[in-house]
Undergrad: 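A single structure is presented below for examination.
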Amino acid sequence: MKAFTTLLAAFACALWLPPVCAAVSYTIKDLGTLVGNQSQGLGINASGQVTGFSNLSKGGVHAFLYDGTMRDLGTLSGTRSIGLSINANGQIAGDANLTGDVAFHAFLYNGTTMHDLGTLGGMSSSGLGINASGQVAGWSFMAGDYFYRAVLFYDGSMHDLGTLGGSFSQGYGINTSGQVTGWAITTGNATHAFLYDGVMHDIGTLGGTDSYGYAINDLGQVAGTAHLAGDTAYHAFLYDGVMHDLGTLGGASQGMGINASGQVVGYFDVSGNGPEHAFLYDSVHGMVDLNTLINPASGWALGFAHGINDVGQITGAGVIGGQQHAFLLTPIPEPGTLVLAALGFAGLLAHARRRKK
């Protein structure tokens, strides 16, 4: 029985996502570009599809969908588009320039077509987050183009989420139940991260003046960045009813993505004035430089991480061969290997039960 218990512990270590028995390592895949020489990965879904943007050799920047091949999503007739978030159905939210590049609008890409989501009456808007239902969170200028507000697009229209008493707000991330995070101006003219669940709630700061919410998981946990007391620096945070300082590995840090396990990805300034390095945070290992979790002979310098899915795959951007490219990191062992291990563990458990009878 003791031997079986030891095996049980070993399998638990192997199957846990995220790994809790040792710092995980990753394989890295270069997602390439759309003919140009630069790209960035910004959003990732459960199956490892990635969206972001890439420049073109003829000029301009276009949103992409990567699903084994980087595919150009086009624009809303202008020269620029950016994919910012992708859901499990492969729907993408972002923003794209209109004809003549006079303005940009939030869009929803449904797998075949980029749909213009419009505005709250102003010239421009942006879609920064999308959930499984195709609801899009973001922001839009209001009529007159002076004030902009956090918005939620659903039922075919764009809804104003309000502010925390000030004039401006911006929605950023959205979860399955439609909770939204972002930032808004308060009555005291500070900028605070919020959690919206039908009402916009101020989730505070790390003791300083400002905070920004960038991502939210289905538990309502929020990742972002906030001023420390005295406004001496920004640190990445994890909010779970209380705002926790995730620290830094140098200067300022920002949390940009979060998954169901509460793992956070983002970036930090190495020396307080750059360069920037991508990080992974979990409750066991704390903040770890992602450059230390890939093969040092890979040639990559990972600058920032922006998205993480529930099996721990990460997307962002780094430098390879002197160019900035989008990447996809996959934990070792890969998720498919863990599934096989789970099946093996189930068989082992069934065998042990039979022996006890």
Side-chain angles (χ1 to χ4, degrees), residues 16-24 128-129 137 150 164 169-177 179-184 186 188 190-197 199-270 272 276-290 292-293 304-310 312 314 316 331:
W16 187 274
L17 286 174
V20 299
C21 301
V24 70
L128 288 95
L164 292 172
S169 60
Q170 181 179 110
Y172 221 97
I174 183 170
N175 66 12
T176 300
S177 62
Q179 292 177 309
V180 176
T181 192
W183 57 264
T186 69
T191 303
H192 281 195
F194 70 76
L195 191 157
Y196 176 89
D197 58 5
V199 177
M200 186 176 287
H201 304 278
D202 186 339
I203 63 174
T205 73
L206 291 172
T209 301
D210 298 326
S211 61
Y212 301 82
Y214 292 128
I216 186 169
N217 65 15
D218 285 347
L219 297 176
Q221 296 174 314
V222 174
T225 189
H227 263 143
L228 305 183
D231 296 341
T232 54
Y234 281 103
H235 277 192
F237 71 75
L238 170 62
Y239 175 85
D240 58 5
V242 176
M243 189 175 286
H244 303 277
D245 184 349
L246 302 190
T248 182
L249 298 173
S253 60
Q254 294 202 61
M256 300 303 298
I258 188 170
N259 67 8
S261 301
Q263 290 179 298
V264 175
V265 294
Y267 60 91
F268 64 93
D269 292 330
V270 174
E276 293 166 343
H277 279 199
F279 76 75
L280 168 69
Y281 171 91
D282 67 43
S283 60
V284 176
H285 306 103
M287 185 179 290
V288 180
D289 187 335
L290 276 170
T292 68
L293 302 181
F304 77 89
H306 203 277
I308 181 168
N309 66 16
D310 289 346
I314 299 167

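All heavy atoms count here, side chains included; hydrogens, waters and symmetry mates do not.
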Undergrad: Would you say the side-chain atoms of N259 pair up with the backbone N or O of N309, donor to acceptor, closer than 3.5 Å?
TA: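 Checking the backbone N and O of N309 against the side chain of N259, a donor-acceptor pair under 3.5 Å is found.
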Undergrad: Drop me the distance from M200's CE to I203's CD1, to the nearest 0.5 angstrom.
TA: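 Interatomic distance, M200 CE to I203 CD1, rounded to 0.5 Å: 11.5 Å.
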Undergrad: Taking T181 for the side chain and F194 for the main chain, is one N or O donor matched with an acceptor at less than 3.5 Å?
TA: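 Here the side-chain-to-backbone pair exists.
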Undergrad: Under the criterion side chain to side chain contact (heavy atoms under 4.5 Å, CB included), I'd like the reasoning laid out for L280 against I308: C-alpha separation, chi angles, the key distance, then a yes or no.
TA: CA-CA 9 Å; L280 168 69; I308 181 168; 4.0 Å; yes
Undergrad: Please evaluate residues L195 and I216 with respect to the criterion side chain to side chain contact (heavy atoms under 4.5 Å, CB included), reporting the C-alpha separation (whole Å), side-chain torsions for both, the decisive distance (0.1 Å), and the verdict.
TA: CA-CA 9 Å; L195 191 157; I216 186 169; 4.2 Å; yes
Undergrad: Donor-acceptor pair, distance only, cut-off 3.5 Å: does the side chain of T205 make one with the backbone of T209?
TA: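 No.
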Undergrad: Show, in sequence, the C-alpha distance, side-chain angles and deciding distance for F237 and V264, and conclude whether the side chain to side chain contact (heavy atoms under 4.5 Å, CB included) test is met.
TA: CA-CA 9 Å; F237 71 75; V264 175; over 6 Å; no
Undergrad: Is there a side chain to side chain contact (heavy atoms under 4.5 Å, CB included) between H277 and Y267? Walk through the geometry before answering.
TA: CA-CA 5 Å; H277 279 199; Y267 60 91; over 6 Å; no
Undergrad: Please round to the nearest 0.5 Å and tell me the distance separating atom OG of S261 and atom CG of D310.
TA: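 Going from the OG atom of S261 to the CG atom of D310 covers 6.5 Å.
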Undergrad: Please tell me whether Q263 and Y281 have a donor and an acceptor in their side chains that are separated by less than 3.5 angstrom.
TA: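 No, Y281 and Q263 have no side-chain donor paired with an acceptor closer than 3.5 Å.
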Undergrad: Kindly say whether F279 contributes a backbone atom to a donor-acceptor pair with the side chain of D289 at under 3.5 angstrom?
TA: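 No, the answer is negative, given that no donor and acceptor are paired below the 3.5 Å cut-off.
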Undergrad: Do the rings of Y212 and Y214 sit parallel, tilted or perpendicular, given the 30° and 60° boundaries?
TA: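 Y212 vs Y214 ring planes: parallel.
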Undergrad: What heavy-atom pair brings A236 and G255 nearest, and what distance separates the two atoms?
TA: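 That closest heavy-atom pairing would be CB-N, 3.4 Å.
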Undergrad: So, does D231 use its side chain to make a donor-acceptor pair with the main chain of G208 at under 3.5 Å?
TA: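 Flag not set: sc D231 to bb G208 has no pair under 3.5 Å.
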Undergrad: Tell me whether T248 contacts the main-chain N or O of H235 through its side chain, where contact means a donor paired with an acceptor under 3.5 Å.
TA: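 Flag not set: sc T248 to bb H235 has no pair under 3.5 Å.
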Undergrad: What closest approach, in Å, do V180 and Y172 show between heavy atoms, and which atom pair accounts for it?
TA: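 Distance-wise, the nearest heavy atoms are CG1-N, 4.4 Å.
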Undergrad: Under a 3.5 Å distance rule, please check whether S169 uses its side chain to pair with a backbone N or O of A150 as donor and acceptor.
TA: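 It does hold such a pair.
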Undergrad: If you look at every heavy atom in G247 and M287, which pair is closest and at what distance?
TA: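 So the minimum-distance heavy-atom pair works out to O-CE, 3.2 Å.
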Undergrad: Does the D197 side chain pair with the main chain of Q179, one donor and one acceptor, at a distance under 3.5 Å?
TA: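 The answer is no, because no donor-acceptor pair under 3.5 Å joins these two groups.
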Undergrad: Minimum heavy-atom separation for H192 and D202, please, with both atom names.
TA: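 Looks like ND1-OD2, 2.8 Å.
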Undergrad: Would the distance check show the side chain of T191 and the main-chain N or O of W183 forming a donor-acceptor pair, the cut-off being under 3.5 Å?
TA: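 Not confirmed, T191 side chain does not pair with W183 backbone.
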Undergrad: Quick check for you: to the nearest 0.5 Å, what is the distance between D245 atom CG and T225 atom OG1?
TA: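 Reported to 0.5 Å precision, the distance equals 9.0 Å.
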Undergrad: Which heavy-atom pair separates L164 from A193 by the least distance, and what is that distance?
TA: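 Looking at all heavy atoms of both residues, the shortest contact is CD1-O, 4.4 Å.
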Undergrad: Closest heavy-atom contact between P331 and V24?
TA: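 Here P331 and V24 meet closest at CB-CG2, 3.8 Å.
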Undergrad: Testing V265, N217, L219 one by one against I258 for a side chain to side chain contact (heavy atoms under 4.5 Å, CB included), which residue passes?
TA: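 Going through V265, N217, L219 one by one, the side chain to side chain contact (heavy atoms under 4.5 Å, CB included) with I258 is satisfied by N217 alone.
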Undergrad: Looking at CD of Q254 and CZ of F304, how far apart are the two atoms once the value is rounded to the nearest 0.5 Å?
TA: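 The distance works out to 11.0 Å.
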Undergrad: Nearest 0.5 Å please: distance from the OG atom of S211 over to the CE atom of M243.
TA: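 If we round to the nearest 0.5 Å, S211:OG and M243:CE are 4.5 Å apart.
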